[in-house]
Visitor: 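Quick one: this structure, given as structure tokens, is what I'll be asking you about.
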Amino acid sequence: MTTAPAGTVTQAVPLRLRERIRHWLDSEPVLAYLFMSPGWLILLLFMSYPFFLGIWISLTDRTVGLPSGEFVGFRNYAELLRDRTFHLTVMNTFIYGFVTVPFKLVLGLLLALLLNQAFPMRNVLRAALLLPWIVPTALSSLAWLMLYDAVLSPFSWLLKNWGLIESNIAFLGTRTNAIISLCIANIWRGTPFFAVAILAGLQAVPQELHEAAAIEGANRVQRFLAVTLPVIKGILVITTLFSIIWTFADFQLVYVLTKGGPANSTHIFGTYAWQIGIGGAGKLGIGAAISLYMFPVLAVLSAILLRYVRSQEA
Amino acid sequence: MAQVIYDHVTKRFDGVIAVNDLTLEVKDGEFLVLVGPSGCGKTTALRCLAGLEEVTSGDIIIGDRVVTHIPPKDRDIAMVFQNYALYPHMTVYENMAFGLKLRKMPKQEIDRRVKEVAEMLGIQDLLNRKPRQLSGGQRQRVALGRAIVREPQVFLMDEPLSNLDAKLRVQTRGELIKLQRRLGVTTIYVTHDQVEAMTMGHRIAVMNQGVLQQLDTPENLYDHPANLFVATFIGSPAMNIFPARVVTGEGTVRLVAGDVTLEAPAEHRGRLAEYANREVLVGIRPEDLIVQPGQVSEDRQLRLPVEIVEPLGSETLVHLRGPAGALIAKADPHLHFSPGELASVRVKIEHMHAFDPQTELALF
């Protein structure tokens with residue numbers, strides 16, 4: 001009668017183990033690391049590994065198709081400094097990033113202010129506004145390709161019909177035209193992000209602040225400058241920095257519209273790195289070096305962004 | 001400083017009447033409290049005066065100017081909001097100076113006024129801080145200071161104390177009263193708190209469902225409520241109300257409710273006689289029921305069972321089983337009551353109220 005069922009004896013050990021695991025999981029530091037580990041894993045696998053691999057490749061003469069290359073130190077970087085196309089690429093990227101963003105900011109702000117007013121069908125318009133941002137860039141870029149077509153462009157057709165021009169505009173035919181065209185398409189695609197972010201910010205401005213200012217004697221413009229703008233300042237800074245970073249790292253729009261042409265004159269970092277590294281020459285080492293030249297700029301911008309976000313949290 | 005007049009002001013929102021034909025005159029230098037339950041239209045009435053809401057019909061007069069269609073900034077008023085509405089990116093000094101700067105006042109004058117008012121409110125050490133670095137009480141003072149520096153004709157205050165904790169609220173209440181009496185600026189103060197209303201206002205306007213119920217001094221509201229709503233809204237716990245039948249006899253008028261019979265006060269017999277053999281609503285404040293535990297051999301005493309006892313320290317609330325539902329009585333805190341036992345109750349007949357059951361207007 002005192003014989004215990006066989007099961008309980010063999011279970012005693014796992015039970016104690018389970019107890020220990022449970023005890024261990026009760027500890028907050030252990031749990032904290034446990035919860036962070038998936039994030040760390042993703043960062044290591046998909047961010048850190050490719051990043052460091054990229055740095056390594058940029059220091060070799062590796063090419064597509066060959067298993068590995070020789071270590072060449074900073075030769076790739078030095079070579080790029082003598083490359084005229086690379087010089088153009090750097091200039092283009094800065095023009096692309098720093099010319100489009102102010103337009104996106106101002107247009108986005110105006111759109112947000114407009115959409116913050118009450119009028120019929122406002123919600124429909126708000127949703128429609130997001131379209132350029134939602135539609136995959138590869139697709140919308142194709143639409144722009146058609147709009148900029150040397151023969152079929154509706155812009156040229158319209159202007160010709162109005163008698164403003166005599167022959168079609170070569171939207172993508174010269175460097176200046178192509179860069180302006182790229183910037184316009186980029187502004188079209190990026191403005192909704194600003195508008196939506198700023199609209200969210202505007203809706204967070206307490207109505208009472210406007211009322212208080214109105215009673216104190218501020219007109220609409222004064223209220224915008226003294227109340228609205230300071231309250232949404234944080235959002236303006238953050239969206240601007242994000243947009244600069246994204247524009248710097250763009251690829252699709254330029255790749256679809258010009259592929260860097262004419263005559264390699266409209267490349268930005270992304271497209272030139274692709275062309276040298278994979279597309280044409282297959283020189284992976286130099287391609288990686290081109291991408292990494294972008295790194296310091298993006299690192300500085302990201303650092304400013306992070307610092308700003310943290311200072312706002314404090 | 002100025003008088004304020006609401007002249008048949010009505011405000012509709014999409015078919016909902018928020019303020020219904022409000023006519024009200026606030027005297028120069030008066031502290032008038034607008035009080036009522038939430039949704040009664042008191043805040044809307046204030047916002048109409050501020051110019052933050054356009055009135056649907058009627059006129060608003062400040063001083064001797066009709067301001068009905070004048071924008072807020074030209075009405076010469078200052079408003080203190082419930083959430084203070086301090087500009088988060090400005091320091092206390094800048095918050096207070098903002099309105100003066102907009103009016104292109106010389107810098108030295110702004111500086112003098114801001115510092116003087118800051119001193120008056122005891123916030124002179126906070127002038128360089130941002131609102132988020134301040135406690136609730138300090139923010140409240142800054143909001144008040146911002147209104148005072150403007151030296152407006154009228155102060156509008158929309159529940160300015162409701163975000164403070166109970167202790168600070170009582171303290172600030174007192175300071176606000178002193179301040180208003182000292183500055184002598186006409187003040188219109190909105191609250192849902194009847195204690196604030198009773199303690200602060202020279203006169204109180206009680207509102208319900210957009211309609212002004214009664215405009216009177218705190219004493220008169222308490223002693224002579226115009227209708228059932230005011231009677232039950234003012235006073236805490238609320239006035240006990242129960243229906244009773246009017247029975248007239250030889251030279252007497254009695255009020256009979258269940259097995260309780262009350263002798264009507266002599267001066268109101270005539271008024272009650274009009275309701276002979278009909279029902280009226282009898283109102284008795286908890287403080288007008290004198291309760292004692294056990295049986296007291298005295299005339300005109302009721303004996304009612306005790307249901308709940310709530311000792312509050314300064315007084316004890318005794319819930320009695322009355323003729324129609326519970327009757328609450330305020331008792332001496334040193335008396336001991338037990339639920340289930342009988343208590344002796346004497347009604348202060350002279351403080352009794354009666355209301356018409358249909359119109360709910362006070363008979364006396």
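Order of the sequence lines fixes the chain letters, A, B, ..., with proteins taken first and strands second; residue numbering starts at 1 for each chain. Keep in mind that this is a model prediction, so the values were computed, not measured.
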Visitor: Can a salt bridge be assigned to the pair B:K73 and A:E216 using a cut-off of 4.0 Å between side-chain N and carboxylate O?
Guide: no
Visitor: Would you mind checking if B:K115 and B:D111 are paired as a salt bridge, meaning a charged N to carboxylate O distance below 4.0 Å?
Guide: yes
Visitor: Is the closest side-chain donor-acceptor distance between A:N186 and A:K104 under 3.5 Å?
Guide: yes
Visitor: For B:I77, which atoms come within 4.5 Å of any heavy atom of chain A: side chain, backbone, both, or neither?
Guide: both
Visitor: A:W246 and ring-ring contact (aromatic ring centres under 6.0 Å, His included): which single residue from A:W133, A:F251, A:F194 fits?
Guide: A:W133
Visitor: Pick whichever of B:L100, B:L156, B:D74, B:N83 has the most heavy-atom pairs under 4.5 Å with chain A.
Guide: B:N83
Visitor: Below 4.5 Å from any heavy atom of chain A, which atoms of B:R75 appear? Answer side chain, backbone, both or neither.
Guide: neither
Visitor: Select one option (side chain, backbone, both, neither) describing which atoms of B:Y87 are under 4.5 Å from chain A's heavy atoms.
Guide: both
